[in-house]
Asks: 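Take this structure first; my questions come after.
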Amino acid sequence: MDMQPKVLFTVYRPFARPETYKAILDSTQVVYSGIEVSEYTKVDVQLVCPNDTEAILKIETYETGEILELHHSLKGTTIMGGTNSEHMLVPDKYRFEIITKEKQYVSYYIVSSKDFSEQSLLNLRQYLENLLNGLSYDLVKQKSGMAIPISNMNPTLLQLFQFVNKHKNYIQFNLEMIFKDPMTDLIGEYRVTPHSRRPNRKSFLWQAQKGGQKNSLPNSPRLHLEKHAELTLKNIENQWVRFIIKFFLRTIRKLEVSFQMEANQTSRKMEYQKAQLEQNRKQISLGNNSFGYRKSIEGLKRSEKRLLGRIEELDKERQSYEQHKNLLRQITYLFTQYETVPWFQSVPSNKPKKITQRLLKDYRYRKLYTLYKELSRLETKKVESSLSGIPFRRTWQLFEYYNVGLIIDIFRENDYKWVDGWLASKDSPHQHIGTLPPDTILRFEKSNSDHYIELAYDTEIESAIIDKSYSRYFNDAGRRPDIRITIYRLDGSLYTDKAGLIIESKCRRHKYLINQNIDPDVKLQLKDFKNLEYFDTHASQKGEVPVKTPIKQVIVLYPKQSGMEPVVPDHLYGESMLYLQVEPNDSYSEGKPFGYESLKERIDDFLSQVEESEGVYAE
């Protein structure tokens with residue numbers, strides 16, 4: 001009789017019947033299960049082991065990212081939802097194991113990218129890791145006035161939080177074991193006593209020099225100075241324990257402050273969205289007496305629904321930060337309760353100069369010290385960590401971040417300095433998160449110039465203009481471009497009437513983007529971007545027409561696909577709406593990524609209006 005358990009994967013594909021595959025298992029080594037699915041596929045998994053109803057299948061699920069434990073069942077459990085959502089398994093290799101009464105089987109299955117090969121996806125992630133690290137180095141150098149490269153950077157806030165949260169129970173267990181039976185030393189200590197048992201040379205010397213002052217009867221002394229054996233807890237090993245506890249507390253309190261800052265920033269974003277919602281509702285009540293109304297009540301109602309959705313998202317994000325912060329407070333209490341122990345307070349808290357063999361031989365002390373070293377290495381980024389924030393991003397997010405990175409590189413090649421926004425923000429902790437949040441504004445400047453460049457990533461755009469006291473983009477369709485680039489004069493006015501550029505990221509196949517016979521759904525979005533309007537308060541104050549259409553060009557970046565032209569102008573709009581393929585190369589390659597030069601050529605052309613204007617000014 002076959003006693004080996006079975007793991008069945010049921011894969012649901014569009015316009016096809018579900019198919020069930022049996023995973024390959026081996027109890028002697030880790031093997032590939034033979035199961036590979038796309039990242040946007042719905043997948044159920046089922047453990048079939050009727051001979052051992054206590055057998056367990058441990059596998060990761062899309063809902064929480066935690067390990068799910070399944071027993072023998074006649075129906076499957078969903079591990080991938082089949083939608084592009086916040087909770088989904090991103091492309092990677094996923095381990096699962098089956099534990100039976102007699103054996104253990106370990107295998108893995110593959111979630112593949114719909115748009116990138118395995119090597120391209122690896123290059124994409126590596127590029128973004130290097131981007132976050134490399135740009136952080138340069139920005140810190142720039143702020144510090146340093147000419148030498150910085151070899152280490154702090155890891156992401158998420159890494160530190162995951163580390164502390166993951167190991168808190170383990171740390172607590174070892175600390176409890178230490179405090180129940182701490183290491184002690186037997187030391188010899190001289191003290192004055194009324195009894196004499198083992199006098200030595202020092203005892204007789206003390207009697208001769210000071211005994212007379214202490215004793216009223218020299219021939220029959222009542223006080224003696226003698227050496228006694230004492231147990232002490234003041235040793236290097238316990239000093240390491242107190243130092244490590246203070247180290248953990250310091251790290252946790254820094255994390256708590258950072259999460260509080262994130263929560264505050266998210267609250268400010270919520271207030272902004274609520275103000276936009278209020279303006280939107282006023283616009284509905286005012287009628288068509290404002291710019292951009294265009295008799296579109298439906299558009300304003302769609303905008304209201306979108307704003308309400310965004311407020312709900314931000315509120316969930318804020319609550320998440322608050323939950324993290326509260327959890328850190330619980331961990332803080334866990335450590336501070338040990339600091340109140342009287343004998344522990346007497347142990348020095350400064351870092352010992354050496355590590356002892358006795359500490360390394362004691363399991364409890366060694367484990368605590370090992371965890372401390374791991375966390376300290378994380379803080380100095382001397383080792384790679386498997387907890388990086390980048391790999392947990394969905395493919396389309398990685399692609400958007402990648403394209404932002406390409407543009408940053410191009411700006412820097414044109415001698416622009418990144419002075420504010422995201423990693424460059426002076427007080428923003430986003431550099432520790434390993435992500436690029438929506439509604440982020442990056443600012444670039446060039447020395448001795450009359451302008452600056454603003455790069456807006458996934459920012460909300462107003463549907464209409466009510467408050468005319470400040471300039472901004474607006475669009476009654478409520479579109480959110482992935483990347484919006486604008487050149488401004490130093491006073492905040494548009495540099496020219498064509499000072500805007502839209503760059504959109506699309507993880508799509510060529511045929512779903514470019515079609516001369518019919519307009520794909522994305523074309524409507526791109527046309528709205530092309531017609532994006534800008535209310536110019538400077539022009540309004542001068543009595544000029546305040547509404548402008550500054551978008552010079554809309555560029556769509558999408559993954560490289562074999563057999564297709566890498567650069568294709570739109571069949572109706574020409575070069576003003578351009579489709580351009582990009583692909584990351586090996587991080588160790590000296591060449592530029594595929595599509596970089598084509599993108600740079602277009603951005604350089606966009607920036608040429610600055611050079612032409614400056615040339616005229618110089619004359």
Side-chain angles (χ1 to χ4, degrees), residues 13-15 38-41 83-84 91 112-121 123-124 127 394-407 409-410 455-458 461 475 477-485 498 500-532 549-585 592-606:
R13 296 186 176 92
F15 313 110
S38 172
E39 60 185 316
Y40 300 117
T41 306
T83 58
N84 182 7
S112 60
S113 171
K114 183 173 65 71
D115 302 293
F116 293 92
S117 67
E118 184 177 359
Q119 184 60 49
S120 295
L121 189 61
N123 292 340
L124 182 62
Y127 172 86
R394 288 164 282 178
T395 305
W396 62 266
Q397 284 181 311
L398 294 176
F399 191 58
E400 287 183 1
Y401 297 0
Y402 173 71
N403 293 331
V404 171
L406 291 181
I407 297 167
D409 288 341
I410 292 171
L455 188 158
Y457 171 72
D458 192 19
I461 292 180
N475 182 277
R479 300 293 191 183
R480 287 179 72 120
D482 290 336
I483 302 169
R484 188 185 74 239
I485 302 172
K498 295 295 180 183
L501 174 67
I502 298 293
I503 298 180
E504 188 72 5
S505 301
K506 293 295 180 187
C507 278
R508 289 198 182 190
R509 306 304 295 173
H510 182 97
K511 62 181 179 180
Y512 298 123
L513 281 174
I514 306 169
N515 194 318
Q516 295 189 11
N517 299 321
I518 60 171
D519 281 346
D521 61 329
V522 70
K523 192 67 167 287
L524 298 175
Q525 183 186 37
L526 299 178
K527 286 194 291 187
D528 286 335
F529 290 156
K530 184 75 177 61
N531 299 322
L532 196 63
T549 53
I551 302 303
K552 171 184 173 66
Q553 189 178 45
V554 176
I555 299 175
V556 179
L557 301 180
Y558 68 106
K560 178 185 177 183
Q561 294 161 26
S562 60
M564 301 297 178
E565 288 292 327
V567 181
V568 179
D570 189 82
H571 67 283
L572 288 179
Y573 292 87
E575 286 275 339
S576 65
M577 192 177 292
L578 196 69
Y579 304 88
L580 198 155
Q581 293 183 6
V582 293
E583 183 179 60
N585 59 349
K592 296 293 185 181
F594 181 86
Y596 179 87
E597 295 297 343
S598 298
L599 178 60
K600 185 176 185 301
E601 179 183 345
R602 272 70 190 183
I603 292 181
D604 288 350
D605 179 63
F606 170 68

Asks: Any side-chain heavy atom of Asn403 within less than 4.5 Å of one from Tyr558?
Replies: no

Asks: For the residue pair Ser598 and Val567, what are the closest heavy atoms and their distance?
Replies: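 Shortest heavy-atom contact: OG-CG2, 3.7 Å.
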
Asks: With the side chain counted from C-beta on, respond yes when Val404 and Ile483 share a heavy-atom pair under 4.5 Å apart, and no when they do not.
Replies: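 With C-beta onward as the side chain, the pair touches.
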
Asks: Once you round to the nearest 0.5 Å, how far does OH of Tyr573 lie from CG of Leu578?
Replies: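 The CG atom of Leu578 is 14.5 Å from OH of Tyr573, to the nearest 0.5 Å.
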
Asks: Can you tell me how far CD1 of Ile461 sits from CZ of Phe529, rounded to the nearest 0.5 angstrom?
Replies: 7.0 Å

Asks: Starting at NZ of Lys498, measure out to NZ of Lys552 and round the result to the nearest 0.5 Å.
Replies: 8.5 Å

Asks: Go through Tyr401 and Leu406 one step at a time and tell me if the side chain to side chain contact (heavy atoms under 4.5 Å, CB included) criterion holds.
Replies: CA-CA 9 Å; Tyr401 297 0; Leu406 291 181; over 6 Å; no

Asks: Could you walk me through whether Ile555 and Ile502 pass the side chain to side chain contact (heavy atoms under 4.5 Å, CB included) check?
Replies: CA-CA 6 Å; Ile555 299 175; Ile502 298 293; over 6 Å; no

Asks: Could you pull out the closest heavy-atom pair between Leu557 and Phe399, with the gap in Å?
Replies: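 So the minimum-distance heavy-atom pair works out to O-CE2, 3.3 Å.
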
Asks: State which residue, out of Val556, Ile485, Asp482, fulfils the side-chain contact (heavy atoms from CB on, under 4.5 Å) condition with Ile503.
Replies: Ile485

Asks: What pairs with Asp605 under side-chain hydrogen bond (donor to acceptor under 3.5 Å, both in side chains), at least two apart in sequence or on another chain?
Replies: none

Asks: Going by the rule side-chain hydrogen bond (donor to acceptor under 3.5 Å, both in side chains), which residues pair with Lys523 if we only count those two or more places apart in sequence or in a different chain?
Replies: Asp519, Asp570

Asks: Sequence neighbours excluded, which residues qualify as side-chain hydrogen bond (donor to acceptor under 3.5 Å, both in side chains) partners of Gln525?
Replies: Lys506

Asks: Once rounded to the nearest 0.5 Å, what's the spacing between atom CD of Gln581 and atom CD of Gln561?
Replies: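 If we round to the nearest 0.5 Å, Gln581:CD and Gln561:CD are 5.5 Å apart.
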
Asks: Can you name the residues that form a salt bridge (charged side-chain N to carboxylate O under 4.0 Å, His left out) with Arg602, not counting sequence neighbours?
Replies: Glu575

Asks: Side chains of Pro566 and Lys560, heavy atoms from C-beta outward: is any pair under 4.5 Å?
Replies: no

Asks: Using the rule given for side chain to side chain contact (heavy atoms under 4.5 Å, CB included), can you reason through Arg484 versus Leu532, listing the C-alpha separation, both sets of side-chain angles and the distance that settles it, and then say yes or no?
Replies: CA-CA 11 Å; Arg484 188 185 74 239; Leu532 196 63; 4.1 Å; yes

Asks: Does a donor on one side chain and an acceptor on the other come within less than 3.5 Å for Glu400 and Tyr457?
Replies: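 Per modelled atom types, Glu400 and Tyr457 side chains form a pair under 3.5 Å.
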
Asks: Identify the two heavy atoms, one from Pro593 and one from Tyr402, that lie closest to each other, and give their separation to 0.1 Å.
Replies: CB-OH, 3.2 Å

Asks: What residues, two or more places apart in sequence or in another chain, satisfy salt bridge (charged side-chain N to carboxylate O under 4.0 Å, His left out) together with Lys600?
Replies: Asp604

Asks: Checking Met577 against Gln553 for the side chain to side chain contact (heavy atoms under 4.5 Å, CB included) test, could you report, in this order, the C-alpha distance in whole Å, the side-chain angles of both residues, the deciding distance, and whether it holds?
Replies: CA-CA 6 Å; Met577 192 177 292; Gln553 189 178 45; over 6 Å; no

Asks: Run the salt bridge (charged side-chain N to carboxylate O under 4.0 Å, His left out) test against Asp458 and tell me which residues pass, sequence neighbours left out.
Replies: Arg480

